[in-house]
Amino acid sequence: MLVLRKALFHRDIEARKVAVSGYLMILKKLNFIGKVSLSQSQTSISSQASSASLIIKADVYTNAGNPSSKTMCLEIMGLLKRVLMQQGAVKQLLYVGLYDAILQNRSLRDIVLELLLGQFEKLYDSSDDSDLPLRFNLCFQELKGNIVMDEPLADLITSICLILLESESIVDEDEYDLSAQKMLEDFLQS
């Protein structure tokens, strides 16, 4: 975990991609019972995660009854939230990987939708006087005379849609809280 954390903020973009891939692999294997929300992460990470816990092997956290699984999930999601401020290629890997993680670990669905919705809100213009509802100017930036993609908007929207379609295919047996899905649908309808 410590190596992934350091790689996530390394100046080399390939090291960042490796770190994102590593965290996504851990998320796929985490099992826990109940719901996890990004709003919990602010208090949970600071109070429960210490530097010693970062060195512990990830396979310790894979038991469903282990409360450390939720802490580990919140910690990883907090770190992945910071990836949303990095280069477009790293974000693109994250968006695609989060959907793959949901397919293998459905308990992540609400927290991932919450993360993706937060990012989409930054790019969505809800004002009535705007001709375009999406802020495409935030998707690109000029770097040394070249225009580069800063936000892979297509991958973000695709991930959100695929997760919502996957959610509809789940038979609801009080297994999932639909709050993040409901928030997203309300946001898009307004």
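Throughout, numbering of the chain's residues begins at 1 and tracks the sequence.
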Charged N-O contact under 4.0 Å between Arg135 and Glu151 = no

task = Without swapping roles, check the side chain of Lys81 against the backbone of Leu115 for a donor-acceptor pair under 3.5 Å.
result = no

ask   = Of the non-hydrogen atoms in Leu24 and Leu94, which two are nearest, and what is the gap between them?
value = CD2-CD1, 4.3 Å

key: CG-CG distance between Asn137 and Leu123, expressed to the nearest 0.5 angstrom   = 9.0 Å

request  = Could you grab the distance from atom CZ of Arg82 to atom CZ of Phe9, nearest 0.5 Å is fine?
outcome  = 3.5 Å

remark   = Nearest heavy-atom approach of Lys122 to Leu138 is O-CD1, 3.5 Å

ask   = Hey, what do you get for CD (Gln86) to NZ (Lys17), rounding to the nearest 0.5 Å?
value = 11.5 Å

task = Before giving the answer on side-chain contact (heavy atoms from CB on, under 4.5 Å), spell out for Leu113 and Leu164 the whole-Å C-alpha distance, their side-chain angles and the decisive distance to 0.1 Å.
result = CA-CA 9 Å; Leu113 272 177; Leu164 288 174; 4.0 Å; yes

request  = Report yes or no: do Ile111 and Met25 belong to one cluster of Ile/Leu/Val/Met/Phe/Trp/Tyr joined by side chain heavy-atom distances under 4.5 Å?
outcome  = no

ask   = Shared ILVMFWY cluster between Leu108 and Leu84, side chains joined below 4.5 angstrom?
value = yes

request  = To the nearest 0.5 Å, tell me how far Thr158 OG1 sits from Leu116 CG.
outcome  = 11.0 Å

message = Using 0.5 Å steps for rounding, measure from the CG atom of Leu98 to the CD1 atom of Ile160.
response = 10.5 Å

query = Going only through I, L, V, M, F, W and Y residues with side-chain contacts under 4.5 Å, is there a path from Leu132 to Tyr124?
reply = yes

ask   = Is there a side-chain contact between Phe136 and Leu153, using heavy atoms and a 4.5 Å cut-off?
value = yes

query = Does the side chain of Phe140 reach to within under 4.5 Å of the side chain of Val148, using non-hydrogen atoms?
reply = no

Passing option when Leu8 is tested against Val18, Val20, Val3 for side chain to side chain contact (heavy atoms under 4.5 Å, CB included) = Val20

message = Within the 4.5 Å heavy-atom criterion, are Glu114 and Met77 side-chain neighbours or not?
response = no

task = Not counting sequence neighbours, which residues clear side-chain hydrogen bond (donor to acceptor under 3.5 Å, both in side chains) with Asp155? List them please.
result = Gln92

inquiry  = Within the 4.5 Å heavy-atom criterion, are Leu134 and Phe120 side-chain neighbours or not?
reply    = yes

Working for side-chain contact (heavy atoms from CB on, under 4.5 Å), residues Asn105 and Leu27 = CA-CA 8 Å; Asn105 187 353; Leu27 279 177; 5.7 Å; no

Reported CD1-to-SG distance for the pair Ile26 and Cys73, which is rounded to 0.5 angstrom = 11.5 Å

Ile76 side chain near Met1 side chain, heavy-atom distance below 4.5 Å = yes

task = Considering non-hydrogen atoms only, spot the tightest contact between Arg11 and Arg16 and give its length.
result = CA-NH2, 4.0 Å

message = For a 4.5 angstrom cut-off between non-hydrogen side-chain atoms, does Val112 reach Tyr95?
response = no

query = If you look at every heavy atom in Val83 and Val90, which pair is closest and at what distance?
reply = CG1-CG1, 3.5 Å

query = What are the two closest non-hydrogen atoms of Ile163 and Arg109, and how far apart are they?
reply = CG2-CG, 3.7 Å

request  = Please report the closest heavy-atom contact between Tyr23 and Leu79, naming both atoms and the distance.
outcome  = OH-CD1, 3.3 Å

query = Counting heavy atoms not belonging to Met149, are there more than 12 under 6.0 Å from its CE?
reply = yes

